[in-house]
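Some notes on the structure that comes next.
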Amino acid sequence: MPELPEVETVRRGLAAQVVGRRIERVEVGRERVVRRTSRQALIDGLTGATVVAAGRRGKYLLCPLDTGDELMVHLRMSGRLLVAAAGQERPPHTHVVMHLAGLPAQELWFVDPRTFGEVVVFDPAHVAEQVPELARLGVDPIADGMTRAQFAALVRARSRQIKALLLDQHVITGIGNIYCDESLHLAGVRHDRASDRVTPREITKLHAAIMEVLSEAIESGGSTLADTQYVGVDGVAGWFQLHHRVYDRAGQRCLSCSKGNIVRVDFGGRGTHFCPRCQK
DNA sequence: AAACAAACCTGTGCGC
DNA sequence: TGCGCACAGGTTTGTT
């Protein structure tokens, strides 16, 4: 579910509501969500710790603790982080509950029906062994302020279909299926173009499109689709889905050329949406 | 190296 | 109404 804008929205919610608070008690339901370590490791790592910051790299949430350890949460497809009043009825698939000290009495929930997501506390001194994928993440367009030159170098470095390259978290981190399709459409570039044959002019447009789509999606609180799976920590839905021009609009009129119809095809196992008329 | 497919899970929406 | 199938925001692993 969540891509960079949704994860950034959650990060901001954590910064506002959780940073500075101590975790008094931790409950772990399904052990699968703490599979990288163990139920006990998460409880021991979090109990008594205060969250000192809320960070993000790509789709990874990274929260340093006053113990020197760091909390990492990845929402994957269906994960949610919610701040709720203490004692409030928990939704199905609430796998981790962190009881926050102070008033009002609140809890931070990790909810995840599909349990692809995970929660882990790790020691930053041993990040290479404990969360090795962090070191392999590519440039984060927003956090790193990806420049056109940086982007051009990445696109030109290899010959890959452009959508596959944009989705590769080792190259650029944070873009997922929705924002990939939206960016390619805004730039007028087809998903299956060879990256090393994208022209300098198109690279400029695509870079601008990525930055614009991600920024506007963040300002819109992300995209909440029909299943309303994704919401911020306060339970509030995003509204960028109202601005989608291709994603989930198969068969509908293209909002750019207003002549073509949006087509949906399978590309690398992902539903891919584009306008054959204005994307070349 | 790049392109696929499958795997990990549960829920929902659709056609019949 | 019920059933079965397709499909879903992500990432890793293994195979051509």
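Protein chains get the first letters and strands the later ones, always in sequence-line order, with residue 1 at the start of each.
Within residues 163-174 of chain A, no residue places a heavy atom under 4.0 Å from DNA chain B. Residues from residues 206-215 of chain A with heavy atoms under 4.0 angstrom of DNA chain C: there are none.
Counting only residues at least two apart or in different chains, side chain to side chain donor-acceptor pair (under 3.5 Å) contacts with residues 253-262 of chain A comprise A:R245-A:S256, A:R253-A:N261. Screening residues 58-67 of chain A for salt bridge (charged side-chain N to carboxylate O under 4.0 Å, His left out), with sequence neighbours left out, gives no hits.
For the pair A:R158 and A:D266, both in contact range of DNA chain B, the more 5′-proximal nearest nucleotide belongs to A:R158. Each of A:Y60 and A:G269 was assigned the nucleotide of DNA chain C with the nearest heavy atom; the assignment lying further toward the 5' end belongs to A:G269.
A donor-acceptor contact shorter than 3.5 Å links the side chain of A:Q150 to the backbone of A:T147. Of the possible donor and acceptor atoms, none in the side chain of A:R80 sits under 3.5 Å from a partner among the backbone N and O of A:Y230. When atom types are taken as modelled, the side chain of A:D112 and the backbone of A:G117 share a donor-acceptor pair closer than 3.5 angstrom. Although no hydrogens or angles enter the test, the distance criterion places a donor-acceptor pair under 3.5 Å between the side chain of A:D181 and the main chain of A:H273.
With contacts defined as side-chain heavy-atom distances shorter than 4.5 Å, the pair A:Y179/A:E6 qualifies.
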*Spell out protein contact along nucleotides 9-16 of chain B as letters: B when the base is contacted, S when just the sugar-phosphate is, - when no protein heavy atom is under 4.0 Å; keep the 5' to 3' order.*
BBS-----
*In dot-bracket form, how is DNA chain C paired, counting a Watson-Crick or G-U wobble pair only if both its distances are under 3.5 Å and using | for bases paired to another strand?*
.|||||||.|||||||
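To the nearest 0.5 angstrom, A:E182 atom CD is 6.0 Å from A:F240 atom CZ.
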